[in-house]
**Q** 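Below you will find the structure I want to go over with you.
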Amino acid sequence: MHIISLIAVTVATLLLPGPGATADTNRAIFPADFDKFVLYATYDRGSSKEEAFALPETIELSKSGNPLPAGTRLVLGIWTDYKLTGYFVMHKGVDWGLDVEEERRTGDWHFQQFGLDKQVNRTAIADRCESCHQSQASNDFMFTIDRMRNYLP
Ligand code: HEC
């Protein structure tokens with residue numbers, strides 16, 4: 001076998017989920033229309049900061065008090081050492097919850113991490129996103145819902 005194809009096979013093997021790892025489908029994508037998103041909440045913690053973005057129509061819908069509809073995307077900009085380092089995305093679709101094991105399910109939301117280039121970064125971290133956001137089940141799995149509902153353009 002040529003050394004290059006040997007490396008390719010090895011890399012492919014490393015990328016496969018290991019024993020105990022889950023290979024849930026993750027449909028969350030970075031919004032192509034991110035330029036239309038509005039900053040509705042900032043969580044400033046000195047050198048680190050988080051910025052929450054949503055479409056104006058999402059913010060408007062949140063004021064009804066109902067869970068946000070399928071198709072909703074939420075973006076959290078992650079700042080470390082005073083620099084934007086990447087994005088966290090929540091994306092909801094019809095019955096997407098069925099793709100996720102029941103004990104880790106967060107309604108129909110999928111969670112994904114993206115780099116500054118808006119490409120997927122470390123898919124495996126979704127487990128951690130889900131377990132923390134599960135605590136917010138009564139708020140449609142969101143931590144920023146109050147800030148969104150109270151946001152005035
Ligand atoms: C340890 C808990 C924890 C983990 C893990 C976590 N989050 Fe969050 N998330 C929060 C909190 C708290 C907020 C509210 C903003 C803040 O306080 O900085 C938030 C806010 C968000 C928001 C804004 C919408 C909302 O829910 O209010 C998105 C989007 C988001 N997180 C996505 C993710 C993604 C994607 C991951 C995994 C890559 C993740 N989160 C991991 C706690 C967590």
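All values derive from a computational prediction rather than experimental measurement. Counting starts at 1 for both ligands and their atoms, in listed order.
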**Q** Are the aromatic ring centres of Y87 and F34 under 6.0 angstrom apart?
**A** yes
**Q** Specify the protein heavy atom at minimum distance from atom 20 (C) of ligand 1: its residue, its atom name, and the distance to 0.1 Å.
**A** L76 CD2, 3.7 Å
**Q** Would you please test Y40 and T58 for side chain to side chain contact (heavy atoms under 4.5 Å, CB included) and show each step?
**A** CA-CA 11 Å; Y40 67 88; T58 300; over 6 Å; no
**Q** Only heavy atoms count here, so choose which of Q112, Q113, R147, M142 is nearest to atom 35 (C) of ligand 1.
**A** Q112
**Q** Using side-chain contact (heavy atoms from CB on, under 4.5 Å) as the criterion, point out the one residue from F30, F111, W96 that pairs with H91.
**A** W96
**Q** Measure the distance from atom 18 (O) of ligand 1 to every protein heavy atom, then report the residue, atom name and distance (to 0.1 Å) of the closest one.
**A** E50 OE1, 2.6 Å
**Q** Which option, H91, M90, Q136, owns the non-hydrogen atom nearest atom 29 (C) of ligand 1?
**A** M90
**Q** Any nitrogen or oxygen of A52 lying under 3.5 Å from a nitrogen or oxygen in ligand 1? Just yes or no.
**A** no
**Q** Does H133 put an N, O or S atom under 2.8 Å from atom 8 (Fe) of ligand 1?
**A** yes
**Q** For atom 13 (C) of ligand 1, grab the closest protein heavy atom and report residue, atom and distance to one decimal in Å.
**A** F143 CB, 3.3 Å
**Q** Could you name the option among W109, F88, F114 that has the heavy atom nearest to atom 33 (C) of ligand 1?
**A** F88
**Q** Which atoms of ligand 1 sit under 4.0 Å from any heavy atom of I125?
**A** 38 (C)
**Q** Show me which atoms of ligand 1 lie under 4.0 Å from any heavy atom of V89.
**A** 35 (C)
**Q** Return yes if some donor-acceptor pair links the side-chain N/O of R73 with the main-chain N/O of G71 below 3.5 Å, else return no.
**A** yes
**Q** What protein heavy atom is closest to atom 24 (C) of ligand 1, reported as residue, atom name and distance in Å?
**A** T144 OG1, 3.5 Å
**Q** How far is atom 43 (C) of ligand 1 from the closest protein heavy atom, and which atom is that?
**A** C132 SG, 3.4 Å
**Q** Pair I29, V89 - check side chain to side chain contact (heavy atoms under 4.5 Å, CB included), show working.
**A** CA-CA 7 Å; I29 56 170; V89 170; over 6 Å; no
**Q** Would Y43 count as being in polar contact with ligand 1, using the rule that some N or O on each side must be under 3.5 angstrom apart?
**A** no
**Q** Answer whether the closest heavy-atom distance between the side chains of F114 and V120 falls below 4.5 Å.
**A** yes
**Q** Check the pair I78 / Q113 against side chain to side chain contact (heavy atoms under 4.5 Å, CB included), numbers first and verdict last.
**A** CA-CA 10 Å; I78 310 294; Q113 190 179 0; over 6 Å; no
**Q** Just wondering, do W79 and S48 contact through their side chains at under 4.5 Å, heavy atoms?
**A** no
**Q** Does R45 come within less than 4.0 angstrom of ligand 1, counting non-hydrogen atoms of the residue?
**A** yes
**Q** Taking it one step at a time, do V38 and I59 satisfy side chain to side chain contact (heavy atoms under 4.5 Å, CB included)?
**A** CA-CA 9 Å; V38 169; I59 296 170; 4.1 Å; yes
**Q** State the atoms of ligand 1, each with its element, that fall below the 4.0 Å cut-off from a heavy-atom position in R128.
**A** 5 (C)
**Q** I'd like to know if the side chain of D108 and the backbone of A70 have a donor-acceptor N/O pair within less than 3.5 Å.
**A** no
**Q** Please write down residue, atom name and distance for the protein heavy atom closest to atom 36 (C) of ligand 1.
**A** C129 SG, 2.7 Å
